[in-house]
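Report on one structure; see the data block that follows.
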8 protein chains.
Amino acid sequence: MPLVGVVMGSKSDEVLMQPALDTLRDLGIEYEVSVISAHRTPEKAREYGQNARKKGLEVIIAGAGGAAHLPGVIASWTTIPVIGVPLARGELKGVDALLSMAQMPSGVPVACVGIDGAKNAAILAAAILGLKHEKIREAYGKYRRELSSS
Amino acid sequence: MPLVGVVMGSKSDEVLMQPALDTLRDLGIEYEVSVISAHRTPEKAREYGQNARKKGLEVIIAGAGGAAHLPGVIASWTTIPVIGVPLARGELKGVDALLSMAQMPSGVPVACVGIDGAKNAAILAAAILGLKHEKIREAYGKYRRELSSS
Amino acid sequence: MPLVGVVMGSKSDEVLMQPALDTLRDLGIEYEVSVISAHRTPEKAREYGQNARKKGLEVIIAGAGGAAHLPGVIASWTTIPVIGVPLARGELKGVDALLSMAQMPSGVPVACVGIDGAKNAAILAAAILGLKHEKIREAYGKYRRELSSS
Amino acid sequence: MPLVGVVMGSKSDEVLMQPALDTLRDLGIEYEVSVISAHRTPEKAREYGQNARKKGLEVIIAGAGGAAHLPGVIASWTTIPVIGVPLARGELKGVDALLSMAQMPSGVPVACVGIDGAKNAAILAAAILGLKHEKIREAYGKYRRELSSS
Amino acid sequence: MPLVGVVMGSKSDEVLMQPALDTLRDLGIEYEVSVISAHRTPEKAREYGQNARKKGLEVIIAGAGGAAHLPGVIASWTTIPVIGVPLARGELKGVDALLSMAQMPSGVPVACVGIDGAKNAAILAAAILGLKHEKIREAYGKYRRELSSS
Amino acid sequence: MPLVGVVMGSKSDEVLMQPALDTLRDLGIEYEVSVISAHRTPEKAREYGQNARKKGLEVIIAGAGGAAHLPGVIASWTTIPVIGVPLARGELKGVDALLSMAQMPSGVPVACVGIDGAKNAAILAAAILGLKHEKIREAYGKYRRELSSS
Amino acid sequence: MPLVGVVMGSKSDEVLMQPALDTLRDLGIEYEVSVISAHRTPEKAREYGQNARKKGLEVIIAGAGGAAHLPGVIASWTTIPVIGVPLARGELKGVDALLSMAQMPSGVPVACVGIDGAKNAAILAAAILGLKHEKIREAYGKYRRELSSS
Amino acid sequence: MPLVGVVMGSKSDEVLMQPALDTLRDLGIEYEVSVISAHRTPEKAREYGQNARKKGLEVIIAGAGGAAHLPGVIASWTTIPVIGVPLARGELKGVDALLSMAQMPSGVPVACVGIDGAKNAAILAAAILGLKHEKIREAYGKYRRELSSS
């Protein structure tokens with residue numbers, strides 16, 4: 001059963017989000033992938049958020065470019081942590097997306113990583129899940145030890 | 001029956017949105033005012049958008065600061081035109097809000113005015129409504145003629 | 001008779017404005033296209049604005065890059081709604097154009113969409129025209145329903 | 001035993017970080033507070049990071065302004081999740097701190113919230129801790145339900 | 001007969017433009033002052049530009065904030081040099097005005113000075129006029145010699 | 001005898017400054033070209049500025065990228081008008097150069113044009129020289145009439 | 001005999017540069033203070049740079065706001081290290097000054113510190129002088145040890 | 001024995017740092033090169049900083065992109081001068097790195113050069129080392145004289 005839901009605003013974001021999927025798999029974390037537009041398919045975003053916890057998801061990673069409301073909109077419908085990945089789509093190169101994710105209003109935060117930071121989003125998910133899941137904690141600990149000895 | 005729905009993300013935005021209300025009144029345009037947070041009260045935002053046309057609203061003016069998803073979220077639930085007013089809340093002085101409103105994804109636009117541009121949002125609403133409502137067209141025409149002779 | 005006037009600052013903007021034309025056509029909205037420079041041909045801009053309503057235009061979509069005064073200058077000569085499309089020309093990638101369109105002075109607004117947002121400008125025009133023209137309202141409603149079921 | 005370690009770069013950051021403390025307390029989450037400069041007291045930062053998990057901390061909230069390396073430096077010494085709060089100190093109003101936290105290199109993420117977003121950092125901590133601690137999950141759920149009915 | 005026309009977008013710009021007037025007077029350069037909005041009173045802007053040379057004006061100094069189209073619009077109607085002064089009005093503190101003046105399209109330049117640089121606009125006017133008018137050249141030379149010995 | 005001195009910070013700026021040379025030639029304005037670095041060859045910059053008026057130069061056009069002190073440094077050594085062309089060299093794409101030229105201190109202005117605006121610098125020079133030289137005024141007037149009828 | 005020359009662009013910069021003077025004194029480093037404008041008094045800047053080494057200066061600290069050419073201009077006339085302090089003067093709050101100092105051309109660097117970073121400039125000077133002067137090395141070492149134990 | 005330690009955050013930064021190595025060699029300055037990540041290998045960064053002076057290093061040049069904490073982190077562990085080179089990695093093109101290096105907190109400065117300014121970092125190192133090492137002073141003096149006569 002997937003612990004992480006990876007969501008992206010459009011099919012074309014897939015290549016930028018792939019590092020998240022690769023890293024989750026490397027760390028042995030089950031995930032599912034969905035394409036949901038906060039604006040074109042708001043009903044789908046609502047259902048996704050409202051069902052996330054029931055389905056067993058514990059972390060959502062949402063990547064989007066431009067106005068990039070997706071992680072914030074999903075966060076408005078759920079209480080599990082949402083990690084936002086601002087994608088460098090369009091001429092503003094992700095600055096718009098970064099601000100739109102980081103500057104969420106009081107009460108409904110998004111955990112923002114760097115522009116095109118899909119890999120780091122997966123690692124942050126591992127750090128979060130590792131608090132509860134020993135196997136993930138160990139896998140992430142091993143990953144960091146390997147990094148530091150490289 | 002109100003033609004314009006003025007929405008703001010928080011009670012504290014009222015002072016920045018007041019010029020919109022004053023200008024709508026001066027131009028003889030009926031309006032209603034609501035406080036809705038796209039993230040804290042997403043269900044309310046959904047209902048507002050879904051019922052807007054049925055209630056007779058023809059234009060929505062939505063003001064918000066920071067991540068400022070409000071106009072985009074409402075636009076996702078309706079097909080009447082949504083005018084976004086980026087408010088200069090917080091340290092980024094409305095730059096975050098401006099980008100978050102202007103850079104909407106393909107398919108669901110927001111008509112963005114300037115930072116703290118509540119008054120211009122009302123005038124833009126008048127220009128739009130004036131296409132259909134002769135009385136508003138005349139009031140707006142008179143307003144512009146007075147401007148240009150001042 | 002065209003309802004929408006699409007204007008661009010230079011012949012070379014055509015490729016960036018093409019999505020507006022395609023979308024208007026897809027939605028069954030008649031349009032005309034003009035190349036007018038606010039600065040090189042100010043008289044033409046004045047005539048265009050002053051005659052717009054008389055000719056039956058109900059919405060103007062103006063795209064420009066750099067200083068991008070075109071939508072504002074046309075708006076100064078007409079009272080029908082003007083939608084501005086900031087184009088990513090030159091090294092500032094449309095940031096200059098976005099600010100120049102959004103930050104219009106009190107009294108003469110431009111409805112700004114995102115950088116290179118020609119398609120969204122056409123959709124916004126449809127939302128505006130749909131208030132008055134039932135056929136456009138239906139076409140736009142159908143477009144949005146198809147988006148949301150995709 | 002505290003679950004959350006709140007760290008700030010300087011004593012003078014206290015007033016900006018206070019909302020995190022208030023919110024943690026309101027949600028019934030135990031925390032401890034430390035003043036550590038990543039650059040003036042690097043040894044202290046190292047020890048703090050290396051001992052965090054052993055001491056029972058599950059989330060670290062680190063606020064800093066300017067270059068704002070603090071959350072990143074602490075994250076380099078630990079594998080528990082680190083939430084960064086960019087503080088609006090100095091003339092760049094937190095933009096420097098936001099970029100310095102969000103743009104962390106591959107392998108060692110920081111979960112960034114908005115500028116001066118201490119309160120949201122605490123709420124994000126609650127969402128993370130709520131995955132494992134039922135009481136916190138319930139307190140956070142209740143908080144969000146109250147928000148949405150306000 | 002005035003050689004310099006000083007124009008500003010709104011009565012409230014007067015205090016920011018005053019240093020231009022003081023400096024012109026100190027350098028013994030005759031000037032006239034007008035309040036013209038490029039957007040609210042486009043006809044006035046057109047007439048001003050078209051009559052400038054006939055009236056004997058040799059340089060125009062135009063100050064404006066926000067979208068700040070004024071110097072560009074006047075430049076579109078005249079061939080005498082136009083100096084633009086971006087004014088720090090509103091939340092973007094003149095960055096919008098600076099870009100809108102500097103980034104003029106090919107063929108119709110504005111000579112841009114710094115934000116709130118009214119004084120330097122007057123000095124630049126003196127340097128330009130000094131090419132033709134010996135008395136102004138001498139006054140400006142004296143001014144610079146005094147600066148350099150201070 | 002050249003009326004315009006075109007200066008650039010490095011040999012590699014030549015391609016970006018070429019449009020200035022082409023336009024000056026098209027308008028029948030004599031010019032000379034020099035490569036001078038404000039920092040690597042400060043003595044050369046000083047001599048250039050100090051001799052400019054004596055040599056008969058009436059306008060200097062200085063293009064530079066990055067810190068782009070060149071026009072300001074030359075302006076510090078002369079009282080003839082200096083037009084600055086911010087060049088889009090390096091990663092900041094001319095934003096650094098634009099600010100460094102526009103934001104000159106009180107007393108010593110630079111007439112700044114847009115990023116990579118070499119052509120407009122030449123046209124501005126024509127407008128300035130046209131005040132005194134009838135032939136240039138006529139050539140520039142003809143140029144603008146042709147633009148406006150295109 | 002002073003080892004450090006502290007230079008500022010204008011008398012009014014004194015309050016922002018005072019922390020440099022205080023810190024130099026605290027660390028027992030002799031200094032002299034001058035007010036020199038790169039543009040208003042270029043001859044003074046040239047002499048200052050050309051005589052710096054002869055006078056026994058080993059480091060120059062130059063603070064300036066706006067275009068902030070001062071450290072770069074002085075660096076062009078000397079080969080001793082120049083530390084630039086971008087000052088937050090005017091509406092751009094030191095961003096212009098920071099870029100103008102950091103982005104120096106190849107061959108003539110400025111060692112840039114943070115906006116209004118006068119104190120850090122003095123500490124950097126101490127680190128540099130400490131390589132050669134044992135007493136300064138010791139004073140700086142003691143300063144850092146005290147910092148780290150606070 | 002190397003006087004300069006050149007450090008970079010990742011093997012892939014090598015091409016951007018190569019100009020520093022070339023310039024140091026041209027000026028006859030011995031150096032050593034290390035790859036150290038402030039976050040992935042914090043222990044290595046600590047050791048590097050703590051041993052730098054003992055090993056005989058007198059200047060450290062540290063290049064990094066993104067959050068770019070490397071020079072600041074090394075500076076926290078040593079008292080010899082650290083020159084930071086912000087590298088244009090990722091979508092923000094070095095702006096993030098520049099701010100992260102320049103805006104260091106009070107007490108622990110980094111001497112920042114321009115984006116991708118590896119060559120200037122080496123020249124700045126030469127200016128610093130030249131205060132103590134006559135041969136380097138002469139080599140740098142010769143370099144600057146050649147520059148100025150080119």
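All values reported here derive from a predicted model rather than from experimental measurement. What's counted below: heavy atoms across the whole structure, side chains too, no hydrogens, waters or symmetry copies. Proteins get letters first, then strands, A, B, ... in listed order; numbering begins at 1 in each.
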Listed by chain and number, what are the side chain to side chain contact (heavy atoms under 4.5 Å, CB included) partners of D/Ala20, not counting sequence neighbours?
D/Ala118, D/Ala122
Counting only non-hydrogen atoms closer than 4.5 Å, does D/Ala38 touch chain H with its backbone (N, CA, C, O), its side chain (CB onward), both, or neither?
backbone
Could you have a look at H/Gly66, H/Ala97, H/Pro105 and say which one has the most heavy-atom pairs with chain D under 4.5 angstrom?
H/Pro105
Mind listing the donor-acceptor pairs under 3.5 Å that bridge chain D and chain H?
{"from": "D/Arg40", "atom 1": "NH1", "to": "H/Ser106", "atom 2": "O", "distance (Å)": "2.8"}
{"from": "D/Ala67", "atom 1": "N", "to": "H/Gln103", "atom 2": "O", "distance (Å)": "3.0"}
{"from": "D/His69", "atom 1": "NE2", "to": "H/Ser100", "atom 2": "O", "distance (Å)": "3.1"}
{"from": "D/His69", "atom 1": "NE2", "to": "H/Ser100", "atom 2": "OG", "distance (Å)": "3.0"}
{"from": "D/Asp96", "atom 1": "OD2", "to": "H/Gln103", "atom 2": "NE2", "distance (Å)": "3.0"}
{"from": "D/Ser100", "atom 1": "O", "to": "H/His69", "atom 2": "NE2", "distance (Å)": "3.1"}
{"from": "D/Ser100", "atom 1": "OG", "to": "H/His69", "atom 2": "NE2", "distance (Å)": "3.0"}
{"from": "D/Ser100", "atom 1": "OG", "to": "H/Ser100", "atom 2": "OG", "distance (Å)": "3.3"}
{"from": "D/Gln103", "atom 1": "O", "to": "H/Ala67", "atom 2": "N", "distance (Å)": "3.0"}
{"from": "D/Gln103", "atom 1": "NE2", "to": "H/Asp96", "atom 2": "OD2", "distance (Å)": "3.0"}
{"from": "D/Ser106", "atom 1": "O", "to": "H/Arg40", "atom 2": "NH1", "distance (Å)": "2.8"}

